[in-house]
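Presented below is the structure to which this report refers.
Atoms within each ligand, like the ligands themselves, are counted from 1 in listed order.
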Amino acid sequence: MVGESRIDPWSSQQSTDYTRIRDNFGLSEVEISKIPNPNQLHRRGIVFAHRDFDVILDSIHRGDNFGVLTGLMPSGKMHLGHSMVIEQVKWFQDHGGDITVTVADLESLATRGVSLEEGRRIALSEYIHNYAALGLDPEKTNVYFQSMRPDVQRLGFMLGKKTNLSEFEAIYGFSGDTNLAHVQAPLIQAGDILHPQLDEYGGLRPIVVPVGVDQDPHIRLTRGLAGKTNWFNLKERKSGGLIIGLSIQDENKIQMGVSESGGVNRQVRSSIFEKLKLSLSKLGFADILANPKHGTIELPGATFGDKSRIKISLLSLEREMGGMGLMPPCSTYHRFAVGMTGDKMSSSKPETTIFMSDTIEQMSKKVKRAYSGGQATIEEHRRLGGDLSKDVAYQYLQFFFEESDSELSSIGRDYESGRLLAGEIKQICIDKASDWLTDLSEKRDQWSDRIDDFISPDSR
Ligand code: TRP
């Protein structure tokens, strides 16, 4: 259990104690030195945590296939906060990932009361249009609607067998009066996240989900559900190496060599073990200790780094035997930029953020009014300097608008030393944001009549 801390993905509140979140929920720390060609968000520590990101880095390193899944809730307008995930998706795209985009129209219906038609309109005109302008490549991107992909709904439904209301209560704080459509939304989202691995959608490969840390409850749920469907468990062995165990379930009893009476069918069991040994020796392992009676295989020589290769080979064996063979998703987490007023960014409070469609005038007005880390008077500011940790203009340069690290740190130094005044750093932010918004709007124009290129045939 995680003590009293819980993240509510639908809440308008947000904790910003990122170290605590990382520790409480067992997220791993991102090691920037392991990331090839790190982007702005990586370099500045904004992507701060992950689960199994190493598996993806390994795929990139080896040139193996991997997929990226992201999703959007079509409600309100797209703002700067939403663009952070797309920056990351673009980085994965540039490093060989195929992209699937979920339009969570069912979730929006369930949790925001947005009709499916309205959801579709918002998704295309607000979100996908901007995704195109931000640089997603239609050749490598596949957008679908939850309401139009029965495979996702079916998978979500099946995964429901592996959880119960108590778990949903613990993860999401649901209670007796929670709307049942709302209860279904996380299961559908688990279906979203896992379905790109199905044979019809690209087949078995690691899938990474870049999200804001508020979405981690869904990732945790999905990883747990995938693990519970697996026919083979892979764990660290106490005395070193790895150990594989059979996971006997109602769904796989027969294939696993367990008879109706509960006895072990030796013939079936030993043929499973022959297959297991064959796949492991193909991976190059020679020291394989099989114990068919206990249903375990030990690999004393395997290391932690072998885990994902072994996992994938076990999952493909599971698939051959008739199982789903689902790999738990990998994820990365980003911090949130502060809202312009000092609170959380929110579509429903236009003064807290910059929308992708804001005019230069609207943006300038918001930056001028934004929360500042400057001192009360010029004299004090020159003497004490500005506070970067509170200054919205600085943070927006850091998160979004200033690409150059050296330029950013020189602005930061000048501001902290009092050389640069609050009004001046705001003006720098306005100038940079103007270029950014103008560029985006030009790119949007270029994509206006080609949005359909992104939409999967089943969702047109
Ligand atoms: N729940 C997400 C949101 O609130 C939307 C979403 C649905 C999603 N399915 C997803 C996000 C899969 C990432 C992965 O915005």
Any ion pair linking [Y] and [X] (charged N to carboxylate O, less than 4.0 Å)?
{"X": "Glu403", "Y": "Lys432", "value": "no"}
{"X": "Asp192", "Y": "Arg149", "value": "no"}
{"X": "Arg309", "Y": "Asp306", "value": "yes"}

Heavy atom under 4.0 Å from ligand 1: found in Leu69's side chain, backbone, both, or neither?
side chain

N/O of [X] under 3.5 Å from N/O of ligand 1, yes or no?
{"X": "Gln189", "result": "yes"}
{"X": "Asp192", "result": "yes"}
{"X": "Thr102", "result": "no"}

Only heavy atoms count here, so choose which of Glu107, His218, His82 is nearest to atom 5 (C) of ligand 1.
Glu107

Side-chain contact, heavy-atom cut-off 4.5 Å: [X] with [Y]?
{"X": "Ser83", "Y": "Met356", "value": "yes"}
{"X": "Gln146", "Y": "Val103", "value": "no"}
{"X": "Val89", "Y": "Thr141", "value": "no"}

Ligand 1 atoms nearer than 4.0 angstrom to some heavy atom of Met73 are 3 (C), 4 (O), 15 (O)

Which residue owns the protein heavy atom closest to atom 13 (C) of ligand 1, what's the atom, and how far is it?
Gly71 N, 3.5 Å

Checking a contact table here: which protein heavy atom is nearest atom 2 (C) of ligand 1, and how many Å away?
Gln215 OE1, 3.3 Å

